[in-house]
Asks: 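Here it is, the structure, as structure tokens.
In what follows, every heavy atom counts, from backbone to side chain, and hydrogens, waters and symmetry copies are set aside. Chain A is the first sequence line, chain B the second, and so forth, proteins listed ahead of strands; every chain is numbered from 1.
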Amino acid sequence: MKRIGLPSLSFALVMLYLFLPVAATVLYSLATEWNSTVLPEGLTLKWFAELYGDPRFLQAFGRSFVLSFLTTVVAVVIIVPAVFSIVVYAPRMEKLVQLFVMLTYAVPGVIMAVGLIRTYSGNGIPMIVITAGAYLVGLLPYLYQGTRNSLLALHARSLMEAAELLGASRWQAFVRIIVPNIMSGIFVSALLSFSILFGEFVLINILVGGRYETLQLYLYNKLSASGHVASAITVTYFVLMAIITSLIVRFTRRSFARKEVS
Amino acid sequence: MKRFASMLLVTTIPFFAMIALFLLVPLLSMIEGSFQAEGGGGFTISHYQEIFSNPYYLQAFENSVLISFLSSLIGIIAAVFAAYAITRFPQSLQQRVLVITNLTSNFAGIPLAFAFIVLLGNSGLFVLLAKQLGIDFGQSFTLYSWSGLTLVYVYFQLPLAVMLLYPLYHVIQKQWMEAAELLGASPWHFWLRIGFPVLFPGIVGTFSILFANAMGAYASAYALTGSNYNLVPIRIGALVSGDIFARPELGSALAVLLGLTLAAALVVNEWLTRKIRRDLS
């Protein structure tokens, strides 16, 4: 008796719309020839073999990995302790931090690029360093939210009071008690940060361009060359994102589960 | 007291230095640059005058606003129903569907543009299919037209819209529906008179976020046709990084105007978010 309602129909269409491009790209990366027929004429792994044998791809992948990884680590090292001391010791400064978070979130890459070029281009600092600096700020919303949630869930303020009453110094308490306890939450935010940077194109394209070819730039350059290889790149990228997402889900669950026990 | 000060200082100085160097200084420099004559002359508002009198740049704003508005509207209408459908699934399935939806949000920018080329490009899957069926899109539709670009924009709006709308439905409680039903209201009546009015500020707030998201989008359009689409972000990118026609001051003025548009959209969102009734749950 249950007829298909508007919500279910809409849900199915949205999912179909979201999946079709993914499915088509996967199929295209495995197709031998696909120029005139509706379905590919045969299946092959040769595009992936070609891609993984291309040193330019490996270098681009390596550059993306190094850039995203190092920037994420530096961002965690700068942002997490700062958010900690602001949340615990200077809560009145939080309004200011939230203003910056809003600002970062509201200013798209293309606007940031204009300001960064005006400020830093042509004075000797390599633009890749400037790009990495802009990435640090770009990660602020995600790391701020992640750190803040972890600290609040931990009742960091009372923990610090207790530790100090027992004679620990602030740094000791932070390193020995707070850090281990917020680690899994920070790890989730760091994974998210890494995946965001891995997919970044706007800043690296406008500020650096071909001088530091990341995976996204490599994909852009391959678009006109070979559709099959380009889809192999896209599939590789998407698989990596899927792995990171599943790690995020697993670690989020784990940290939730632990909190419920404690 | 000294130890207190030292920890706060040591941790926040690098933090605020980072924000100053890579957020505040560049933004201020951009605003200052937009009022500067080309090549470092004195104060001028000529760049703004040029934008407001040059049909090319006005067209870019019109195009950006139109495609952002349209893609946000389509995205939000589809997501309002789809997010509601998700809330009716069993709990564990809901989480799984949200994770998958979130995963597709990684499909943005260059990879997304490419996936649409595979589907709808000149020898795309659907174009071939249509040919076999004897349908000729001909001039009426290509991926590289505005309608094609709108489809790409709708794609990256959908996951965001679903993720933002989904939590809103938790405000609406089962008991309300039951009470309304007992009092003789049809489901249609319930949604029209109670459900939708409660959700409305959240929906408009989400709309403004989608709008801002599309206004600032650069990579997808750039990947499809380079600098051919006349959109504000594309114009800005071309003005600041073009090798021959670089005019960073004019680019700065465009960027300031785009920033003001986004700020307006987000102020609307802030204002409406405050209107969401949290006293009901």
Asks: So which of A:Gly199, A:Gly227, A:Ala12 has the largest heavy-atom pair count under 4.5 angstrom toward chain B?
Replies: A:Gly227

Asks: Show your working on side chain to side chain contact (heavy atoms under 4.5 Å, CB included) between B:Leu258 and A:Val110 and close with a plain yes or no.
Replies: CA-CA 10 Å; B:Leu258 176 62; A:Val110 72; 4.3 Å; yes

Asks: Taking the side chain as everything from C-beta on, heavy atoms only, tell me whether B:Val10 gets closer than 4.5 Å to A:Trp171.
Replies: yes

Asks: Side chain from CB out, backbone as N, CA, C, O: work out which of these in A:Phe174 comes under 4.5 Å of a heavy atom of chain B, or both, or neither.
Replies: side chain

Asks: Highest number of heavy-atom pairs under 4.5 Å with chain B: which of A:Leu18, A:Ile206, A:Thr119?
Replies: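 Among the listed options, the one with the most contacts to chain B is A:Leu18.
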
Asks: To check you understand the geometry: which heavy-atom pair defines the closest contact between B:Ala255 and A:Ile111, and what is its length?
Replies: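 Taking B:Ala255 first and A:Ile111 second, the nearest heavy atoms are O-CD1, 3.5 Å.
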
Asks: What residue, out of B:Thr104, B:Ile31, B:Val256, B:Asn102, has the most heavy-atom pairs lying under 4.5 Å from chain A?
Replies: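 Result: the option with the highest number of such pairs is B:Thr104.
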
Asks: Say you draw a straight line from OH of A:Tyr120 to OG of B:Ser29; how long is it, rounded to the nearest 0.5 Å?
Replies: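 Here the interatomic distance stands at 9.0 Å.
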
Asks: With chain A as the partner, which of B:Phe15, B:Tyr155, B:Tyr218 has the greatest number of non-hydrogen pairs under 4.5 Å?
Replies: B:Tyr155

Asks: Checking heavy atoms, do the side chain of B:Leu158, its backbone, both or neither come under 4.5 Å from chain A?
Replies: side chain

Asks: By a 4.5 Å heavy-atom criterion (distance strictly below it), what part of B:Ala223 contacts chain A: side chain, backbone, both, or neither?
Replies: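 Both the backbone and the side chain of B:Ala223 come within 4.5 Å of chain A.
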
Asks: Apply side chain to side chain contact (heavy atoms under 4.5 Å, CB included) to residues A:Leu140 and B:Ile19 and explain how you reach the verdict.
Replies: CA-CA 9 Å; A:Leu140 180 62; B:Ile19 287 176; 4.0 Å; yes

Asks: Relative to chain A, which segment of B:Leu21 carries a heavy atom at a distance below 4.5 Å: side chain, backbone, both, or neither?
Replies: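 Answer is both: backbone and side chain atoms of B:Leu21 are under 4.5 Å from chain A.
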
Asks: Relative to chain A, which of B:Pro14, B:Pro159, B:Gly33, B:Gly124 shows the most heavy atom pairs under 4.5 Å?
Replies: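 Among the listed options, the one with the most contacts to chain A is B:Gly33.
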
Asks: Determine the minimum heavy-atom distance between A:Val137 and B:Met18, stating which atoms define it.
Replies: CG2-O, 3.7 Å

Asks: B:Val97, B:Leu112, B:Leu254, B:Leu119: which one forms the most heavy-atom pairs within less than 4.5 Å of chain A?
Replies: B:Leu119

Asks: Just so I understand: if I count every heavy-atom pair under 4.5 Å between each of A:Gly138, A:Ala82, A:Gly209, A:Pro108 and chain B, which residue has the most?
Replies: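 Ranked by heavy-atom pairs under 4.5 Å with chain B, first place is A:Ala82.
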
Asks: Select, from B:Ile209, B:Ile77, B:Val154, the one with the greatest count of heavy-atom pairs under 4.5 Å involving chain A.
Replies: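 If we count pairs closer than 4.5 Å to chain A, B:Val154 comes out on top.
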
Asks: Quick one: what part of A:Val88 sits under 4.5 Å from any heavy atom of chain B, side chain, backbone, both or neither?
Replies: neither

Asks: Taking the ring of A:Phe11 and the ring of B:Phe89, is the distance between their centroids below 6.0 Å?
Replies: yes

Asks: Taking atom OH of A:Tyr135 and atom CZ of B:Phe22, what is their separation to the nearest 0.5 Å?
Replies: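 With rounding to 0.5 Å, OH (A:Tyr135) is 13.0 Å from CZ (B:Phe22).
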
Asks: Quick one: do A:Phe19 and B:Ile100 satisfy side chain to side chain contact (heavy atoms under 4.5 Å, CB included)? Show the steps, please.
Replies: CA-CA 10 Å; A:Phe19 268 88; B:Ile100 290 173; 3.5 Å; yes

Asks: When heavy-atom pairs shorter than 4.5 Å are enumerated against chain B, which of A:Thr25, A:Leu13, A:Val77 gives the highest number?
Replies: A:Thr25

Asks: Pick one of side chain, backbone, both or neither for A:Val107, based on which atoms fall under 4.5 Å of a heavy atom in chain B.
Replies: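 Contact with chain B is through the side chain of A:Val107 alone.
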
Asks: About how many Å separate CG of A:Leu223 and CD1 of B:Ile110, when rounded to the nearest 0.5 Å?
Replies: 6.5 Å

Asks: Which distance, rounded to the nearest 0.5 Å, do you find between the OG1 of B:Thr12 and the CE of A:Met93?
Replies: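 Reported value, rounded in 0.5 Å steps: 5.0 Å.
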
Asks: I'd like to know which of B:Pro111, B:Gly75, B:Gly216, B:Ala85 tops the heavy-atom pair count under 4.5 Å against chain A.
Replies: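 Maximum pair count with chain A is reached by B:Pro111.
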
Asks: Is B:Leu24 in contact with chain A via its backbone, its side chain, both, or neither, using a 4.5 Å heavy-atom distance?
Replies: side chain

Asks: Within this structure, what is the CG-OG1 distance for the pair B:Leu103 and A:Thr245, rounded to the nearest 0.5 Å?
Replies: 4.5 Å

Asks: Parallel, tilted or perpendicular, judged at 30° and 60°: which one describes the rings of A:Phe100 and B:Phe16?
Replies: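 It falls in the perpendicular class, over 60°.
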
Asks: Looking at B:Leu151, is its backbone amide N or carbonyl O close enough to the side chain of A:Tyr17 to form a donor-acceptor pair, meaning the two atoms are under 3.5 Å apart?
Replies: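 Between the backbone of B:Leu151 and the side chain of A:Tyr17 there is a qualifying donor-acceptor contact (under 3.5 Å).
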
Asks: Tell me, out of A:Ala106, A:Ala113, A:Ser231, A:Ser121, who's got the most heavy-atom pairs with chain B below 4.5 Å.
Replies: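 If we count pairs closer than 4.5 Å to chain B, A:Ser231 comes out on top.
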
Asks: Could you go through B:Gln95 and A:Val249, starting from their C-alpha distance and side-chain angles, then the distance that decides it, and tell me whether this counts as side chain to side chain contact (heavy atoms under 4.5 Å, CB included)?
Replies: CA-CA 10 Å; B:Gln95 290 313 314; A:Val249 171; over 6 Å; no

Asks: Anything under 30° is parallel, anything over 60° is perpendicular, the rest tilted; go ahead and classify A:Tyr28 against B:Phe114.
Replies: perpendicular

Asks: If you compare all heavy atoms of A:Arg118 against all heavy atoms of B:Met30, which two are closest, and at what distance to 0.1 Å?
Replies: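 The answer is CD-CA, 4.2 Å.
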
Asks: Just by distance, do the side chain of A:Ser10 and the backbone of B:Ala78 share a donor-acceptor pair under 3.5 Å?
Replies: yes

Asks: What's the spacing between B:Leu23 CG and A:Leu116 CG if we round to 0.5 Å?
Replies: 9.0 Å

Asks: Measure distances from A:Leu207 to the heavy atoms of chain B and classify the residue's part below 4.5 Å as side chain, backbone, both or neither.
Replies: neither

